[in-house]
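Have a look at the structure below, then the notes.
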Amino acid sequence: MEQWLLVSIIIAGYLLLTLTIGLMAGRRSSDSVAGFVAADRSFGLLVMYFVTGASVFSAFAFLGGPGWAYSRGAAAFYILAYGALGMAPFYWMGPRAASLGRKHGFVTQAQLVVGRFPSNGLSSLIALVSLVAFVPYITLQMRGAGIVIEAVTDGHVPLWLGAAVAYGIVIAYVLSAGAMAVGWTNTFQGIFMVVIAWALGLYLPFRLYGGVRPMFERIATERPDLLTLPGLTATGDPWTWGAYSSLIIVSAVGLMMWPHLFMKAFTAKDDETLRRTVILFPTFQLFLIPIFLIGFSGVLFAGQPPAPDFILPFMILETGLPAIVVGLFCAGALSASMSTGDALLHASASVVVQDGVTKYLDLDDRAQRRLMRGIVLITGGIAYYFALDPDSSLVQLLASAYGIISQLAPPVVAAMYWKRATTTGAISGLVAGTATAFFFFLNPELKLLDLHEGVLGLMVHIPTLVAVSLLTPEQDEGHLRGFFS
Amino acid sequence: MSLKTARALTIAYLALMTISVTWPGLLPFARIEPLILGLPFSMAWIAGWVAGSVVVLYLLDRVERRHRQEGDH
């Protein structure tokens with residue numbers, strides 16, 4: 001049998017298994033909004049751990065990570081640095097958000113913010129900001145899935161078909177089972193990804209260079225510029241410390257503000273589970289080490305992939321691995337794409353309906369659930385449309401998505417911790433911060449010290465939030481007591 | 001250890017880590033040699049801070065948990 005055919009069969013088997021797990025999980029979930037969005041608040045430690053890890057490690061980490069290590073060298077280390085920093089504050093914030101969620105029935109972070117700062121406009125603004133950040137992120141995942149399938153099947157399954165099949169499956173189980181399916185498929189996919197990453201990350205350096213140390217010794221001699229921080233830009237010039245450092249800061253601030261991650265506070269079974277997840281999270285982070293090793297193994301390898309993001313499939317195909325390994329790798333990369341993509345699609349629908357539409361329309365539980373399913377389809381369709389555009393510069397869009405999503409941090413933190421904050425302050429800050437980030441996204445040449453536009457946005461956002469809050473009358477004491485106690 | 005001390009130490013670790021993995025705290029450690037476990041020094045340095053955060057958060061959790069249990073009575 002031809003190799004690509006065998007590989008396709010392995011992938012098909014894997015996709016079928018994912019679909020089965022997703023659909024089986026749905027049978028355990030109640031047919032309500034709380035069931036669809038928050039899985040009836042029932043996730044235990046194992047599921048929570050892998051849900052969080054697998055949703056953070058997307059196609060960007062699995063394909064972009066090696067791609068960055070390969071083409072931009074030490075610049076990729078930023079990905080290793082920000083995760084633990086971004087997650088740690090959630091040890092306190094998570095349980096606090098969870099207890100407010102249980103008390104007031106919140107299932108999204110906008111509900112939490114608006115519970116403190118009552119304003120339909122603010123709610124819609126948060127929904128809009130989330131959605132704008134979500135679409136490029138979902139697009140990236142779909143394109144990642146398509147790229148992998150096209151590369152390993154030798155072009156027999158083109159990008160449009162690969163992306164459509166992989167995401168057809170994702171949409172099928174998100175539609176049928178909601179949060180419960182996302183939880184169980186991510187557990188399965190998370191385990192799978194970790195095993196594949198370590199196996200390949202150690203195999204390639206040993207096979208090609210006789211070990212990890214000999215590999216880095218050779219790169220240090222032949223390409224020292226690549227291993228010198230802050231690494232290189234996409235065009236191969238030295239990168240700036242301002243851009244490197246501010247990307248770590250904005251990613252750390254933005255990480256837990258992604259609705260699909262923040263909402264885990266509302267899906268966890270209890271506070272203990274949440275805290276354990278936070279403690280164990282950096283162990284997932286260390287899984288980037290083999291990911292980088294895969295990319296570095298391609299540096300001195302003869303031949304070049306069509307684009308840096310293709311380095312992983314390229315290395316696998318070029319080193320003549322057996323079909324079964326190629327198939328399993330492909331499944332691992334698909335896991336990375338699908339396990340983030342499903343969480344993103346699911347969260348985007350939850351956010352748009354809960355925080356946008358229901359503020360203006362009175363819908364019953366069943367109508368809401370039906371509308372959420374419609375939005376999963378629409379968002380998926382829009383992202384798919386962009387995924388097929390070969391010119392879409394996704395990495396830039398993703399970096400900007402982080403700039404936008406990090407603007408949710410000040411209002412969320414103020415809602416939970418700063419009693420003097422006011423609704424006007426929260427709205428002014430969010431508008432000013434988002435506008436600033438957007439301005440510098442459009443005019444990158446004006447950026448101060450090459451800082452990330454999200455950090456520049458926060459530098460305007462936080463003072464605005466504080467100043468306007470102090471200038472406007474304090475919130476009603478009764479309202480504060482009702483919210484906090 | 002009191003809850004306050006544990007929280008202060010954890011926050012201090014995270015602040016120190018933030019400085020150590022970005023400019024300018026990273027500058028003295030932004031080098032290739034010596035290789036640690038085969039990895040470039042800067043990569044091992046950052047990975048070390050990440051691994052350390054697991055230990056710090058675990059120790060924080062022990063103090064927090066003891067405090068919560070005492071609070072129950």
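A note on names: the letters A, B, ... follow the listed sequences, proteins ahead of strands, and every chain is numbered from 1. Reckoned from all heavy atoms, side chains included, excluding hydrogens, waters and symmetry mates.
- In this structure, the side chains of B:F29 and A:L229 stay at 4.5 Å or more apart for every pair of heavy atoms.
- In this structure, A:Q285 CD and B:S53 OG are separated by 8.5 Å, a value rounded to the nearest 0.5 Å.
- Heavy atoms closer than 4.5 Å to chain B are found nowhere in A:I219, neither backbone nor side chain.
- Put simply, the side chain of B:T18 does not reach to within 4.5 Å of the side chain of A:I248, judged on heavy atoms.
- A:I279 contributes atom CD1, which lies 9.5 Å from atom CG of B:L59 (distance to the nearest 0.5 angstrom).
- When heavy atoms are compared at a cutoff of 4.5 Å, B:T10 approaches chain A solely by way of its side chain, counted from C-beta outward.
- Counting heavy atoms from C-beta outward, B:E64 and A:W92 have side chains that approach closer than 4.5 Å.
- Looking at A:E217, both its backbone and its side chain come within 4.5 Å of chain B, counting heavy atoms on both sides.
- Interface residue B:L14: backbone and side-chain heavy atoms are both found under 4.5 Å from chain A.
- Residue contact with chain A, scored on non-hydrogen atoms closer than 4.5 Å, involves the backbone of B:L37 exclusively.
- With a 4.5 angstrom heavy-atom cutoff, A:I249 touches chain B only via side-chain atoms.
- Across all their heavy atoms, B:A47 and A:L80 have their closest contact at N-CD2, 3.9 Å.
- Of all non-hydrogen atoms in A:L286 and B:A51, the two that sit nearest each other are CD1-CB, 4.4 Å.
- Residue B:Y58 qualifies as open at atom OH: its count of foreign heavy atoms under 6.0 Å is 12 or below.
- Neither the backbone nor the side chain of A:Y78 comes within contact range of chain B; no heavy atoms are under 4.5 Å apart.
- Using a 4.5 Å heavy-atom threshold, the side chains of A:W241 and B:L26 count as touching.
- Contact annotation for B:R65: only side-chain heavy atoms (C-beta onward) come within less than 4.5 Å of a heavy atom of chain A.
- Minimum interatomic distance between B:M17 and A:A84 (heavy atoms only, all atoms of both residues): CE-CB, 4.0 Å.
- Surrounding NZ of A:K103 are more than 12 heavy atoms belonging to other residues, nucleotides or ligands, all under 6.0 Å away.
- Heavy atoms only, all atoms of each residue included: A:A220 and B:E33 are closest at CB-OE2, 4.4 Å.
- The structure places CZ of A:F77 at 6.5 Å from CD1 of B:I46, a figure rounded to the nearest 0.5 Å.
- Contact check for B:L57 versus A:R275: no side-chain heavy atoms found under the 4.5 Å cut-off.
- By number of non-hydrogen pairs under 4.5 angstrom with chain A, the leading residue of B:V50, B:L39, B:I11 is B:V50.
- Here A:A81 is the residue among A:P214, A:A252, A:G242, A:A81 with the most heavy-atom pairs under 4.5 Å with chain B.
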